[in-house]
Protein chains: 4
Amino acid sequence: MGNFKGHALPGTLFLIVGLWWAGKFSFWYATRRNKGAGRLTSRATQRRLEVIEGSVILSFSMIGMLAEQFAVGGPRLHLYDYASQHWDQLMNWQHATMYLFFGLAGAVSLTVHATEAAPLALDRMMLGIAFFTEGFLFLYHLHGRTMLDVHVHQLLLYAIFGGALTAFLEVFHRGNVLLELLRATLCLLQGSWFWQIGFVLYPPSGLAEWDQKDHNNSMFITMCYCWHFAFALLTVTVVYCTVSWVVRARLKRTPPMEMGLLKTTDKEQESEDEI
Amino acid sequence: MGNFKGHALPGTLFLIVGLWWAGKFSFWYATRRNKGAGRLTSRATQRRLEVIEGSVILSFSMIGMLAEQFAVGGPRLHLYDYASQHWDQLMNWQHATMYLFFGLAGAVSLTVHATEAAPLALDRMMLGIAFFTEGFLFLYHLHGRTMLDVHVHQLLLYAIFGGALTAFLEVFHRGNVLLELLRATLCLLQGSWFWQIGFVLYPPSGLAEWDQKDHNNSMFITMCYCWHFAFALLTVTVVYCTVSWVVRARLKRTPPMEMGLLKTTDKEQESEDEI
Amino acid sequence: MGNFKGHALPGTLFLIVGLWWAGKFSFWYATRRNKGAGRLTSRATQRRLEVIEGSVILSFSMIGMLAEQFAVGGPRLHLYDYASQHWDQLMNWQHATMYLFFGLAGAVSLTVHATEAAPLALDRMMLGIAFFTEGFLFLYHLHGRTMLDVHVHQLLLYAIFGGALTAFLEVFHRGNVLLELLRATLCLLQGSWFWQIGFVLYPPSGLAEWDQKDHNNSMFITMCYCWHFAFALLTVTVVYCTVSWVVRARLKRTPPMEMGLLKTTDKEQESEDEI
Amino acid sequence: MGNFKGHALPGTLFLIVGLWWAGKFSFWYATRRNKGAGRLTSRATQRRLEVIEGSVILSFSMIGMLAEQFAVGGPRLHLYDYASQHWDQLMNWQHATMYLFFGLAGAVSLTVHATEAAPLALDRMMLGIAFFTEGFLFLYHLHGRTMLDVHVHQLLLYAIFGGALTAFLEVFHRGNVLLELLRATLCLLQGSWFWQIGFVLYPPSGLAEWDQKDHNNSMFITMCYCWHFAFALLTVTVVYCTVSWVVRARLKRTPPMEMGLLKTTDKEQESEDEI
């Protein structure tokens, strides 16, 4: 994966997930806050949505694992080359392992919301574990690289471990919209930073190479990371405001038909996260 | 900003903010504790105060950013000098980035208290993020400096990250006066330590230079930091006692006119932080 | 203990404990969730089980301590060899110290559940302390070893300190099934990793030696650790599902005889952890 | 303070405080648990006790500060020797600073319990700050010492920062007997470890010198630290059991005279920590 595409691909995935989370949690928060907004969504719809999200994450992780293994130059499940006494394509195996844990998180989320078998908070814990494992593998991934290469990946760790910590906190503070949006922000940050890493380490033809040992580059990159963070915060804010505005606009247009009838239904329809 | 003024200016700002916070939170705590003190302030006044605070922080941050960019010797929005292939005035850009996040915190605080759009605790989370980003930039700011220079800035990080942690804790324990006053204390500590850094690294003419490599100086500076902390604690205590005394004195002088009438109003006037 | 057996033995013990915990906590969670499942177990049975668990841990720890001291080549309570001015068998003493703290945890668990003398959460705190001490001793255990040796033991520390942190969190969140199963998972991880360490450092005859200085081995081992973690998660999931299924199957077969009679008894039989 | 006495003195103080805390918190827990035990102590007595404890800590800290300054060889408030351009007796100044923060903690505890001016939890926060500052000064205290000297002081930091963390947790979980006894344990550990440091670095005449660079000594010392911890745990257990036994024995001997009369008083007499 030591090329531009290898960083742009996960970057794009994390950007999409971050945007999706920002929208989803903003919408649920808006329906919880606005009385009568319950009719825009029901608990059953929410669960169905979670199940779909889980399935999508699971499928993408499996595709990712298969791609890492069987794409051109992949190890094709060979782990050790006995001839040359060398591990085979360790990088691909590591990336496949990262996908494995995200796949587990997807499967768990699917199970938790499709059945009654497991406690609700398990989806957040497994997501936290998936983020933690990703960071853990990156942490021991950087031996012998150039200074700038190490630095940009270390910065990535802040977003990854930050996401893991946020997910773990959600185990105890489920339904806290601030934590949910912070997670979305950190996911966006991770996504856009993957793109940045691609541009720094494998500049597309036409762009100048970065001097990997210049300390000023390292200083600039640190600051650049903060800008990405500010940008992610801004994106989540825009999504949040749009969603809130749309929900309120819709509620005005479609007045509740029969309040008495809705009263009992409303209660039932409230987000399961609120419990 | 590598001069005395460049440290005295932020130092003064943090000192003012620290004093303001110590006074504000002491006053609110006093009005919450003393029954009938609600008439000294109302919820609407509190919100107006928060909005003003947010605006002031926002304006100062914007002035700070403009000053960093357009003051004599600033980069004037030029980021990269293509002629000499060198980043332009990275220091100024970094300081502008710090101001940016404090500006975001100010804007968020303003929005949270002026409208109903965002959850209440968002102002503390954004403040925590602003402090964290400040510390994060300082952390990667120290490459290649002399021992004492690194050491005084590392000590500063304790106050900054301490402030960030306190603000994050307030997301979950809002209205806890101890956390609020601890934040004020750490802000004062940061302010007075900026002054100390100025005196140590750029001693005003007339004062002796500090030997940057003497380990005894480093030992003394560590102890000196503790004294600044003790001094900040003392300042907050004095402010707290004064405010408490004034509130109680005023309550005695102006007895409630009609208790029955106030009863319902009181309840409404209670601090929103208590909820 | 620098041999294969010396790592396989504690590995096996931790595997057994991890499996036992996974089963125990799954069962209790299942009985708490399924109404009427109280008749499958009673509070008295639970306490008796805890007392037995405490006694078994205590006995095994004492056996371990005696084995470390009096097995062939052990120090036999000699701590310092005055003749050669050298500490005697420090390794054995260190392992005995680890056993000592697990013994204390067992004794405390026994006392807490057999008598009313101590607060309930003490068993988790003491367990956390035992894990912490184990990790603490390993942390200062690694001086002057080869790179791979240090690395595999450092990875072990994640499982150990993770277990300690989980146990400490349970002091405040007792009865949270996610924390309990996470602890079981980390215990299994520790157990299977001990076996892995044995295979890496002391490959049984017939297997190739590992190159202790090859960085690729270190990269592989990190990934391998994640696989052990995934395997431990899978094991706990299987145990959890089996136990849940068995509990539900049994409840169907043996319908409650007299609901009215059971009602009051049920309440009494609920897990003490729920309080 | 680089001598045996300089470590035995604080060690003894911490041992006394640890024992006192173990007794105090065990007694309060016993009176809270045993119904009717309220008559053995009243809320007023508890407050008086806390005030006395605060005063004693305050006085000892002031004596400590004066001793550090004016004892033979002390700096007598001279901070800088302009003649030789050297800081004067930095060690004594550092120790005086440590005493200063414990003095502040004592003064705060006195104020909190003697008046109604400050929030209750402030005493724990200030105690946490005092421990933190002690650890903070030790952390930057170790430059250029021998390996064993650095190591024994680093081990001390675990007890100090552990105590600080426990005290901070008590801000949010006040009255949790486990945290209170853990604090007592860590205080005892600190006390006995100070004695150990004295014996290791300044062995009294007649005892052999320790080889400061032998790694085996360092390994032994780590293990020895765990034994001190086990010993501290044992001591607190013994104190706890004795106090519990005495309280129950006394309650049996002096049966409540008039239950009806006590009922209302009891409620009032309950520990303020419980609120």
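All values below come from the heavy atoms of this structure, side chains included, with hydrogens, waters and symmetry mates left out.
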Problem set entry | Contacting region of D:Ala121 [heavy-atom separation from chain B under 4.5 Å] | both
Problem set entry | Distance in Å, D:Thr97 OG1 paired with B:Tyr225 OH, rounded so as to fall on 0.5 Å steps | 14.5 Å
Exercise. For D:Trp93 and B:Trp227, what are the C-alpha separation, side-chain angles and deciding distance, and is it a side chain to side chain contact (heavy atoms under 4.5 Å, CB included)?
Worked result: CA-CA 11 Å; D:Trp93 276 100; B:Trp227 297 350; 3.6 Å; yes
Seminar exercise, completed: Smallest heavy-atom separation, B:Tyr240 atom then D:Pro119 atom, equals OH-CD, 3.8 Å
Problem set entry | Contact listing (chain B partner; residues 125-139 of chain D; heavy atom under 4.5 Å) | D:Met125, D:Met126, D:Ile129, D:Phe132, D:Thr133, D:Phe136, D:Leu137, D:Leu139
Exercise. In Å, rounded to the nearest 0.5 Å, how long is the span from CZ of D:Phe168 to CG of B:Leu165?
Worked result: 9.5 Å
Exercise. Which pairs, with at least one residue in residues 138-152 of chain B and sequence neighbours excluded, count as a salt bridge (charged side-chain N to carboxylate O under 4.0 Å, His left out)?
Worked result: B:Arg145-B:Asp149
Exercise. Checking D:Val171 against chain B: side chain, backbone, both or neither under 4.5 Å from a heavy atom?
Worked result: side chain
Exercise. Take atom OH in D:Tyr80; do more than 12 heavy atoms of anything else shown fall under 6.0 Å from it?
Worked result: yes
Exercise. Tell me, side chain or backbone of B:Arg248 under 4.5 Å from chain D's heavy atoms, or both, or neither?
Worked result: neither
Problem set entry | chain D contact residues among residues 211-223 of chain B, heavy-atom distance under 4.5 Å | B:His215, B:Asn216, B:Asn217, B:Met219, B:Phe220, B:Thr222, B:Met223
Seminar exercise, completed: The interface call for B:Leu234 against chain D, heavy-atom contacts under 4.5 Å, is neither
Problem set entry | Contacting moiety of B:Leu179, where chain D heavy atoms sit under 4.5 Å | side chain
Exercise. Which residue out of D:Leu122, D:Leu90, D:Leu100, D:Val108 racks up the most heavy-atom pairs below 4.5 Å with chain B?
Worked result: D:Leu90
Problem set entry | Residues of residues 151-159 of chain B with any heavy atom under 4.5 Å of a heavy atom in chain D | B:His151, B:Leu155, B:Tyr158
